[in-house]
Amino acid sequence: MAPLLEVRKVTCRFGALEALADVDFQLREGEILGIIGPNGAGKTTLFNVITGSIRPSAGEVIFQGRKITGERPYRICRLGIARTSQIARPFPGLTVRENVLIAAAYGKGLSLDRARSEAGEILTSVGLGAVADLTPTAISPASRRRLELARALATGPRALLLDENMAGLTSGEIGEMLGLLNGLRERGISMVVVEHIIKAVMGISDRIIVLDHGHKIAEGRPHEVAADPQVVVAYLGRRYA
Ligand SMILES: Nc1ncnc2c1ncn2[C@@H]1O[C@H](COP(=O)(O)OP(=O)(O)OP(=O)(O)O)[C@@H](O)[C@H]1O
Ligand SMILES: [Mg+2]
């Protein structure tokens, strides 16, 4: 079966810095693909390229058989790719509910009435029903991570890109987030999970790719990647030590 999302030989330069160098990967339908690698490896840049906020210097991104490189971010969102951001930036003056409603209205193109009911359902499904009428600053950091997820879900994605959505969570909260992600997978949403919490990303991913200085240095099943000497040297060694 053709992949849902395909990144082909993407290179992204910022002046002399090559943030991504010839990166290739595929996300299959129903799959959770993990991306790991040290700080500055290019993980967030890769998400920026896929979602259209940065144009790559070379290469292309294919979604559902169609080239999306060069499309505007809102078009890519409407086609069915959503992301969460490493640094959550909800609208601080709106409530949690309104933040999700806006994402449904603009990201999915729903009427306000339909967006409101959709937002209510999503908030319940991610466990934010009780805090829906508070502002994002009044809820816990773990709830803000769920809000970031809810805003992405409200746009109706087929492919969801999660950028360190478990950073700063306790182990109990990480377990709950993993439970939510597994539920989304069962509902047919495919995911790319960028994460430094190795146990979490290794546990949930079907496959892992490893980025280092913009290069893909490994790809495989979690246990294969964890045993790869190059990956241990570039990244895992310090963490397992
Ligand atoms: N818009 C930009 N302009 C210039 N340089 C950038 C830009 N975005 C990212 N970079 C640089 O590209 C490299 C890759 O950054 P990126 O944020 O993709 O790394 P990352 O793998 O997400 O790291 P982290 O794990 O710390 O989040 C870094 O050296 C970063 O400073
Ligand atoms: Mg990053």
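Quick caveat, the model's predicted, so the values are computed rather than measured. Indexing begins at 1, ligand by ligand and atom by atom, following the structure's order.
- No donor-acceptor distance shorter than 3.5 angstrom exists from the side chain of Glu71 to the backbone of Ile68, with no hydrogens or angles considered.
- With a cut-off of 2.8 Å, the Mg ion (ligand 2) has no N, O or S atom of Asn39 in range.
- The nearest pair of heavy atoms linking Val231 to Ile217 is CA-CD1, 4.3 Å.
- Among the atoms of Leu17, none of the N or O lies under 3.5 angstrom from an N or O of ligand 1.
- Remark: of the listed residues Ile81, Ile76, Val49, Thr51, Val49 is the sole one forming a side-chain contact (heavy atoms from CB on, under 4.5 Å) with Val61.
- Tested against Leu160, the residues Leu153, Ile32, Val193 include a single side-chain contact (heavy atoms from CB on, under 4.5 Å) partner, Leu153.
- Geometry note: the Mg ion (ligand 2) is the vertex, Gln86 OE1 and Thr44 OG1 are the arms, and the angle is 80° (rounded to 10 degrees).
- Heavy atoms of Gly37 come nearer than 4.0 angstrom to ligand 1 in no pair at all.
- Polar contact check, Ala41 against ligand 1: a nitrogen or oxygen pair lies under 3.5 Å apart.
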Take Leu184 and Leu149 through the test side chain to side chain contact (heavy atoms under 4.5 Å, CB included) and record every step on the way to the result.
-> CA-CA 11 Å; Leu184 296 175; Leu149 178 65; 4.1 Å; yes

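- If you check which protein heavy atom lies closest to atom 26 (O) of ligand 1, you get Asn39 ND2, 2.9 Å.
- Looking at atom 23 (O) of ligand 1, its nearest protein heavy atom turns out to be Gly40 N, 2.8 Å.
- The CZ atom of Arg144 sits 13.5 Å away from the CZ atom of Arg89 when rounded to the nearest 0.5 Å.
- Nearest to atom 3 (N) of ligand 1 among the protein's heavy atoms is Phe14 CD2, 3.4 Å.
- Ranking protein heavy atoms by distance to atom 27 (O) of ligand 1, first place goes to Gln86 NE2, 2.8 Å.
- For the pair Asn48 (side chain) and Ser53 (backbone), a donor-acceptor distance under 3.5 Å is absent.
- Between the CD1 atom in Ile209 and the CG atom in Asp24 there is a gap of 9.5 Å [rounded to 0.5 Å].
- Within a 4.0 Å radius of atom 31 (O) of ligand 1, the protein contributes no heavy atom.
- Ion pair Asp163/Lys43 not flagged as a salt bridge, since none of the NZ, NE, NH1 or NH2 atoms sits closer than 4.0 Å to an Asp/Glu carboxylate oxygen.
- Under the 4.0 Å criterion applied to side-chain N and carboxylate O atoms, Glu173 and Arg145 are not assigned as salt-bridge partners.
- Given atom 17 (O) of ligand 1, the protein heavy atom at minimum distance is Thr44 CB, 3.7 Å.
- Counting backbone and side-chain atoms alike, Thr45 contributes no N/O/S atom closer than 2.8 Å to the Mg ion (ligand 2).
- Residue, atom and distance of the protein heavy atom nearest to atom 15 (O) of ligand 1 are Thr45 OG1, 3.7 Å.
- Atom 25 (O) of ligand 1 has its closest protein heavy atom at Lys43 NZ, 2.7 Å.
- In terms of polar-atom proximity, defined here as any N/O pair under 3.5 Å, Ile54 makes no such contact with ligand 1.
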